[in-house]
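Since we're looking at a predicted model, the values are computed, not measured. Chain letters run A, B, ... following the sequence lines, proteins first and then strands; every chain starts at 1.
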Amino acid sequence: MPLSWILLILAVIGTIAFLMARSRAIATVDGDARRLHSLPIYYGLNGALMALTPALGLLAIWLLVQPILLDRSILADLPAGAVPDGGTAALVMSDVRRVADGIDSGISSGSFTRDELRDLSVEDVGGLLASEGTALGSALTGEVLTAATSYWQARSSLSWIMTIAVIGLALIGGAWAVSRSRGEFRARNVVERGVLILMIAAASIAILTTLGIVLSLLFETANFFRQYSWTEFFFSTTWSPSFSGRGGASQLGILPLLWGTLYISTIALIVAVPIGLFAAIYLSEYAGKKFRSVAKPLIEILAGIPTIVYGLFALITVGPFLRDAFASPLGLGNSASSVMTAGLVMGIMLIPFVSSLSDDIINAVPQAMRDGSLGLGATKSETIRQVIVPAALPGIVGAVLLAASRAIGETMIVVLGAGAAARLDLNPFEAMTTVTVKIVSQLTGDTDFASPETLVAFALGLTLFVITLGLNVLALFIVRKYREQYE
Amino acid sequence: MTDATANTAPAGAGQGSLLIKDSRTAKRNGAEGRFKMYGLIAVCIGIAMLILLLTSILTSGLSAFWQTTIQIEVTLPEEKLDKSGVRDPEVMAKVTTFGYAPLLRDGLEATIAANGIETELSAKDAAELISDESVAQLRNRVLRNPDLIGQTVSVEVMASGRIDGFYKGRVTYASAERDTNISPAQLQLAEALEDKGLLNTSFNWLFLTAPDASDTRPEAAGLGVAILGSLYMMLIVLVLALPIGVAASVYLEEFAPQNRWTDLVEVNISNLAAVPSIVFGILGLAIFINFAGLPQSAPIVGGLVLTLMTLPTIIIATRAALKSVPPSIRDAALGLGASRMQSVFHHVLPLAMPGILTGTILGLAQALGETAPLLLIGMVAFVREYPEAPWEGGLFDPATALPVQVFNWTQRSDPAFVERASGAIIVLLVFLLLMNLTAIFLRRRFERRW
Amino acid sequence: MYDMRLTERVLDTETDKPKITAKGVQVYYGDTHAIKDVNVDIADKTVTAFIGPSGCGKSTFLRCLNRMNDTISIARVEGDIRIDGEDIYDKRVDPVQLRAKVGMVFQKPNPFPKSIYDNVAYGPRIHGLSRNKSDLDEIVENALRRAALWDEAKDRLSQPGTGLSGGQQQRLCIARAVATAPEILLMDEPCSALDPIATAQVEELIDELRQSYSVVIVTHSMQQAARVSQKTAFFHLGHLVEYGETGKIFTSPEDPRTESYISGRIG
């Protein structure tokens with residue numbers, strides 16, 4: 001039964017439980033709602049909550065766990081010869097799944113029946129499936145077809161069991177809530193406890209997300225380091241993955257990628273920090289009200305523009321301009337994508353980020369500091385340079401660290417502006433590449449989760465995550481300490 | 001002694017007349033002026049960059065909304081298109097685009113001849129003026145309306161990418177010399193057709209509605225699937241992130257006890273807000289696709305990843321909105337005997353709603369423009385089929401998204417795709433503008449001063 | 001010279017020329033008329049106290065004397081304020097130069113987040129008062145001595161000024177103001193954030209400073225005004241109600257409003 005039907009049935013059960021629990025509660029007090037412990041709606045809500053929450057929880061867990069267990073059991077039954085040389089069990093399993101999907105759609109569209117399928121030869125089934133639009137990684141084999149058939153059977157029967165279990169649970173929950181729906185039942189307290197638990201669960205999603213990130217990165221990185229030496233990864237200066245299937249050893253040293261990342265981020269910060277800081281100072285200390293009300297939102301628009309737009313800007317405008325105006329005449333290269341292109345454009349992207357953070361921080365410096373300095377006969381700029389900026393320095397450092405973390409993790413600008421060549425070079429007009437670019441290139445297109453060339457992306461991701469997390473934690477710590485100082 | 005030092009204090013800065021500026025003050029004022037100037041320059045650079053960015057996108061992308069078309073008379077003979085003569089679309093569908101291509105070629109030749117245009121080009125070369133996509137369009141038109149068969153109809157067909165580029169300044173006679181896909185003679189023919197009023201430029205609705213097209217047909221590439229995919233994902237983000245975000249914020253702001261767990265959750269949220277978006281893509285790939293077995297390229301996976309990414313933004317905005325509701329409102333409700341839950345849901349939450357919605361819209365806008373994580377979950381695939389409606393399982397169908405479509409087009413070799421990519425960005429920016437305007441409107445309309 | 005009754009009477013008792021003369025001063029904050037036609041002469045080498053209920057305009061008027069009101073965009077000052085006969089609101093006057101001549105100490109101690117030494121050296125540095133390091137050392141030492149802070153601070157000059165106690169911080173701010181060698185010191189309720197012991201130290205200091213400067217102090221404490229000042233001006237609702245010898249104001253005020261304030265009926 002399709003998921004949407006199950007959800008619809010659950011919604012109906014929930015509504016009925018709501019209405020029944022409410023009317024029963026009112027009936028137990030002879031229609032005098034004032035004698036209820038809680039407002040009638042709470043009895044109804046209790047009914048709906050009891051019917052829906054356990055059932056939806058079961059549904060979610062079932063949907064998550066079923067494919068994993070099913071895969072495992074089918075994989076265990078797969079004969080040893082089913083996995084061809086050079087292939088992997090994962091590839092075979094994806095074929096099995098595709099064939100099962102094909103059988104599913106074929107039967108539901110009426111192209112063939114279950115009984116017909118049993119009598120057909122492997123080749124005929126393959127042909128039938130192909131005509132139904134099922135594309136396979138390799139030619140259909142008997143083992144795969146057997147596995148797929150049992151996969152399909154197990155899946156459809158499991159799906160029925162799940163439907164019955166979920167709807168049954170909803171009915172039991174609803175019935176139980178209705179049976180407890182009496183006048184003296186503390187419905188409001190129970191509902192509020194339930195809502196509180198749901199809210200705690202919602203708040204925990206943040207933890208789960210972090211946990212998911214860390215676990216998935218660690219797990220696959222561990223897989224990677226089982227196949228590839230970690231010293232090579234961290235200390236080799238060569239990045240040259242061989243293309244999968246073509247053989248040959250890949251060299252997957254992170255250093256050239258880190259170099260490109262740091263080089264580009266440094267240029268970006270050299271652009272963004274002074275411009276952002278001066279813009280913030282001008283807007284908060286000098287600009288008139290009218291000018292500020294126009295200029296500030298304009299600069300903030302820069303922050304709302306998606307990075308893909310900056311990427312395209314780098315690709316079609318900044319890159320060719322830098323190449324024609326600087327790189328080619330100076331003999332420094334003829335590549336439109338370069339460290340400079342990506343760095344400049346990223347710097348522009350970071351201007352509003354730095355300026356709005358600095359603005360907050362400068363405004364947090366107490367007015368008394370300004371008065372003290374101005375009262376001694378200092379000019380405004382002397383006050384800013386010698387009192388406000390030093391006082392705000394920790395906050396500004398925090399803002400720069402956050403900007404650096406942004407720059408290091410930025411993807412689209414470097415994908416479109418920096419190039420794909422991993423090299424250790426000083427020439428800023430040369431194309432270089434970054435950690436994020438390589439994560440994208442190793443994980444898009446055909447991926448094979450058993451080869452180091454794909455898995456390396458997770459090791460890169462983990463490195464990126466650790467670096468940015470470190471910067472963020474440090475920055476948040478500094479900024480928090482700074483704010484406490486003036487609170 | 002203090003008195004002695006006081007009387008022999010060194011010459012102060014304020015000695016002498018106030019009306020005469022000393023040289024040091026003049027110098028300091030100069031420094032002041034320069035400093036102020038640096039600030040002004042910084043602000044101007046910021047604004048100039050914004051203008052440069054927008055002009056660069058607009059100049060290269062606006063033309064994507066216009067399409068060069070050629071008007072030709074096409075005869076639709078029955079013996080070629082519907083031998084059975086029953087006008088049943090199912091039967092007629094057996095005639096593939098190969099059956100229609102000669103008709104357009106002949107139609108163009110006839111049109112050229114009828115208008116007295118002289119050209120040295122063969123009918124085959126002349127037909128290169130017409131987009132390959134037009135054949136499929138003509139076929140669809142005939143299948144929709146079988147009565148056209150046997151008639152000679154006037155059709156507006158798309159010009160090929162190079163001819164389109166010629167009218168947008170991308171292709172010139174000089175470049176055509178070096179181009180294997182177009183020749184100067186073909187450009188001359190196009191100009192001749194234009195003289196006769198047969199070659200026009202019209203608004204390109206197909207750019208907004210058509211699906212993507214292959215590398216060789218930039219003129220036919222559209223944003224239909226991408227817009228639909230983005231819409232589906234926004235729907236998922238809205239449905240999941242808004243309730244979860246509000247629930248989490250209400251808990252943290254109104255109910256959470258001050259303990260280590262709460263601290264952990266809070267630190268977590270502020271860190272998640274700063275985790276690079278691509279890491280969320282890795283999460284989506286590892287958890288939703290590899291572990292949970294959801295399909296690649298599906299809006300459901302993209303929506304889930306974007307939900308996790310947007311949650312911190314929504315939570316931070318919602319908590320700020322809840323904080324701005326004064327405690328006196330809560331006290332008033334509690335004082336009347338309401339439970340804490342009632343005071344929050346009946347009073348605090350409705351008052352904070354404009355702020356929450358504003359934050360949600362801004363979070364959605366951020367999600368709409370996000371590209372990197374979607375690349376990793378396979379949304380960069382070439383998709384020509386529209387996904388089904390959400391209730392028919394469309395959330396699990398392959399689709400793409402606006403920003404990813406932009407990226408996809410930048411990776412194609414034909415420069416006509418740069419125009420398409422910029423055009424797609426204009427569409428994206430228009431959506432973002434609308435969302436931000438809504439947020440501003442909400443804030444202005446419901447802003448409350450306590 | 002001036003035909004106003006008040007100022008004439010003050011001048012009678014003072015042989016020196018006044019350091020500051022204010023004539024017909026009006027201050028507006030946006031639409032609010034904060035100071036209404038104030039005329040006052042302030043003598044050199046004297047402590048002059050401004051008293052009055054809160055919101056009476058005494059701090060606002062004080063801030064006119066070194067043009068600190070310039071930093072508030074909605075404030076507008078009219079009238080004539082002269083120091084040594086020079087109009088400080090003249091177009092040619094640079095407020096920066098003026099403020100070097102007219103130092104100011106604020107209500108809350110506001111040391112910069114720098115070392116004690118750098119706090120005191122800040123003014124001399126920006127005004128270029130020292131030729132070399134030993135010059136600067138001498139200025140800092142003198143200033144700290146004059147603020148009666150030298151003995152407490154001499155061993156910790158490189159430590160942050162924010163680490164001092166409240167009273168020490170305020171004396172540091174006084175030292176900081178003194179270090180630029182001003183001729184006039186404005187003090188805006190300098191003791192309001194201090195405990196009684198620190199207040200006593202600062203008051204003693206103010207009395208010593210009178211030897212070298214013209215000191216103008218705003219205070220909400222009548223006892224303090226009586227203790228430290230020679231002249232007292234009473235402000236009420238933006239008007240200067242009464243101005244004269246401190247002893248006379250406190251013992252036999254002429255205006256009934258002054259009398260009610262001193263006896264505690266307004267405030």
Practice prompt. Counting only heavy atoms closer than 4.5 Å, note whether L315(A) contacts chain B via side chain, backbone, both or neither.
Written response: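 The side chain, not the backbone.
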Worksheet entry | Proximity breakdown for A365(B) and chain A, heavy-atom pairs closer than 4.5 Å |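 It is neither, since no heavy atom gets under 4.5 Å.
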Worksheet item: Using non-hydrogen atoms only, which part of L432(B) is less than 4.5 Å away from chain A: side chain, backbone, both, or neither?
Response: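 Side chain only.
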Practice prompt. Let me know if Y42(A) has heavy atoms under 4.5 Å from chain B in its side chain, its backbone, both or neither.
Written response: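 The side chain, not the backbone.
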Item to complete: Go through the steps to decide whether T379(A) and E382(A) satisfy the test side-chain hydrogen bond (donor to acceptor under 3.5 Å, both in side chains), and finish with yes or no.
Response: CA-CA 5 Å; T379(A) 62; E382(A) 283 161 351; 3.3 Å; yes
Fill in: chain B contacts, top residue of L198(A), L196(A), L7(A) (heavy-atom pairs, under 4.5 Å)
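Heavy-atom pairs under 4.5 Å are most numerous for L196(A).
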Worksheet entry | Basic-acidic side-chain contact under 4.0 Å: E254(B), R340(B) |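 Not counted as a salt bridge, because no side-chain N and carboxylate O are separated by less than 4.0 Å.
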Worksheet item: So which of S339(B), A31(B), S277(B), A286(B) has the largest heavy-atom pair count under 4.5 angstrom toward chain A?
Response: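 Highest number of heavy-atom pairs under 4.5 Å: S339(B).
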Worksheet item: In terms of heavy-atom proximity below 4.5 Å to chain B, should V473(A) be classed as side chain, backbone, both, or neither?
Response: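 Its backbone and side chain both get close to chain B.
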Item to complete: Could you tell me which of V309(A), V440(A), I205(A) has the largest number of non-hydrogen atom pairs under 4.5 Å with chain B?
Response: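 Of V309(A), V440(A), I205(A), V309(A) has the most heavy-atom pairs under 4.5 Å with chain B.
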Worksheet item: Is it true that R292(A) and E285(A) have a side-chain N and a carboxylate O under 4.0 angstrom from each other?
Response: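 No salt bridge links R292(A) with E285(A).
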Fill in: Within 6.0 angstrom of I41(A) CD1, more than 12 heavy atoms from elsewhere
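Atom CD1 in I41(A) is not crowded, with 12 or fewer foreign heavy atoms closer than 6.0 Å.
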Worksheet item: Rounded to the nearest 0.5 Å, how far does OH of Y282(A) lie from CE of M37(B)?
Response: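 Result: 8.5 Å between the selected atoms.
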Worksheet entry | Atom pair CG (L283(A)) and OG (S355(A)), whose distance is rounded to the nearest 0.5 Å |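 Going from the CG atom of L283(A) to the OG atom of S355(A) covers 7.0 Å.
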Worksheet entry | Closest-packed option against chain B by number of heavy-atom pairs under 4.5 Å, given G461(A), G409(A), A202(A) |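 Of G461(A), G409(A), A202(A), A202(A) has the most heavy-atom pairs under 4.5 Å with chain B.
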Worksheet item: Does the side chain of S381(A) come under 3.5 Å of the side chain of E32(B) through a donor N or O and an acceptor N or O?
Response: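 The criterion, which ignores hydrogens and geometry beyond distance, is satisfied for E32(B) and S381(A).
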Worksheet item: T468(A) and S405(A): side-chain donor and acceptor closer than 3.5 Å?
Response: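 Note: T468(A) and S405(A) side chains miss the donor-acceptor criterion.
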Fill in: When L63(A), V345(A), I408(A), L476(A) are compared by non-hydrogen pairs under 4.5 Å with chain B, the top option
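Among the listed options, the one with the most contacts to chain B is L476(A).
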Worksheet item: Is it true that E410(A) and R406(A) have a side-chain N and a carboxylate O under 4.0 angstrom from each other?
Response: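 Between R406(A) and E410(A) there is no salt bridge, as every charged N stays at least 4.0 Å from the carboxylate O atoms.
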Practice prompt. Could you look at I244(B) and say if it's the side chain, the backbone, both or neither that has a heavy atom under 4.5 Å from chain A?
Written response: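 Both the backbone and the side chain of I244(B) come within 4.5 Å of chain A.
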Worksheet entry | Residue among N436(B), I269(B), T25(B), I47(B) with most heavy-atom pairs under 4.5 Å to chain A |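 If we count pairs closer than 4.5 Å to chain A, I47(B) comes out on top.
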Worksheet item: Do the side-chain N and O atoms of Q366(B) and T313(B) include a donor-acceptor pair separated by under 3.5 angstrom?
Response: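 Short answer, yes.
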Discussion item. As an exercise: rank I51(B), L54(B), I41(B), L285(B) by heavy-atom pairs under 4.5 Å with chain A and give me the winner.
Written reply: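 Most heavy-atom pairs under 4.5 Å with chain A: L285(B).
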Worksheet item: With chain B, which of A203(A), A280(A), G212(A) has the greatest number of heavy-atom pairs at distances under 4.5 Å?
Response: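 Ranked by heavy-atom pairs under 4.5 Å with chain B, first place is A203(A).
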Item to complete: Would you indicate whether the side-chain heavy atoms of L294(B) and F396(B) approach each other to under 4.5 Å?
Response: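 Counting from C-beta outward, F396(B) and L294(B) do come under 4.5 Å.
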Practice prompt. Using non-hydrogen atoms and a 4.5 Å limit, figure out which bit of L277(A) sits close to chain B: side chain, backbone, both or neither.
Written response: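 For L277(A), there is no contact with chain B at all, as no heavy atom is under 4.5 Å.
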Discussion item. At a heavy-atom distance under 4.5 Å, which candidate from V275(B), L362(B), L252(B), L50(B) has the highest pair count against chain A?
Written reply: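 Heavy-atom pair counts peak at L50(B).
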Fill in: Best-contacting candidate, I287(B), I282(B), V246(B), against chain A by heavy atom pairs under 4.5 angstrom
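Going by pairs under 4.5 Å, I would pick I282(B).
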Discussion item. Can you tell me which portion of S60(B) sits under 4.5 Å from chain A's heavy atoms? Options are side chain, backbone, both or neither.
Written reply: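 Side chain only.
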Worksheet item: At a heavy-atom separation under 4.5 Å, does I207(A) approach chain B through its side chain, its backbone, both, or neither?
Response: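 For I207(A), the contact with chain B is made by backbone and side chain together.
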Worksheet item: Given L374(B), which of I377(B), T371(B), L376(B) fulfils the side-chain contact (heavy atoms from CB on, under 4.5 Å) condition?
Response: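 Testing each of I377(B), T371(B), L376(B) against L374(B), the sole residue satisfying side-chain contact (heavy atoms from CB on, under 4.5 Å) is I377(B).
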Discussion item. Can you tell me how far apart CD (E370(B)) and CG (L375(B)) are? Round to the nearest 0.5 Å.
Written reply: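 Nearest 0.5 Å value for the CD-CG distance: 9.5 Å.
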Worksheet item: Quick one: are E192(A) and Q342(B) in side-chain contact, heavy atoms under 4.5 Å?
Response: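 In short, these two side chains touch, coming nearer than 4.5 Å.
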Worksheet item: Using a cut-off of under 4.5 Å for heavy-atom pairs, which of I351(A), T307(A), L416(A) has the most such pairs with chain B?
Response: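 Looking at each option in turn, the highest pair count goes to L416(A).
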Discussion item. Taking side chain as everything from C-beta outward and backbone as N, CA, C, O, which of these in F291(A) sits under 4.5 Å from a heavy atom of chain B? Side chain, backbone, both or neither.
Written reply: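 F291(A) touches chain B through side-chain heavy atoms alone.
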Worksheet item: Considering only heavy atoms, which portion of F291(B) lies under 4.5 Å from any heavy atom of chain A: side chain, backbone, both, or neither?
Response: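 Both backbone and side chain.
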Fill in: Under 4.5 Å from a heavy atom of chain A, the part of I45(B) involved
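It is the side chain, since no backbone atom gets that close.
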Worksheet item: Tell me, side chain or backbone of T262(B) under 4.5 Å from chain A's heavy atoms, or both, or neither?
Response: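 Neither part.
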Fill in: Heavy-atom pairs under 4.5 Å with chain A, option from G378(B), G369(B), A247(B) with the top count
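The option with the most such pairs is A247(B).
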Fill in: Atom group of A457(A) that falls short of 4.5 Å from chain B, counting heavy atoms
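The backbone, not the side chain.
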Worksheet item: Quick one: what part of F255(B) sits under 4.5 Å from any heavy atom of chain A, side chain, backbone, both or neither?
Response: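 The answer is the side chain of F255(B).
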Worksheet entry | Nearest heavy atoms of L272(B) and P312(B), plus distance in Å |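 The answer is CB-CG, 3.8 Å.
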Item to complete: Measure from the ring center of F35(B) to the ring center of F278(A) and say whether it is less than 6.0 Å.
Response: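 Close enough - the centres of the two rings lie under 6.0 Å apart.
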Item to complete: Pick one of side chain, backbone, both or neither for L311(B), based on which atoms fall under 4.5 Å of a heavy atom in chain A.
Response: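 The answer is the side chain of L311(B).
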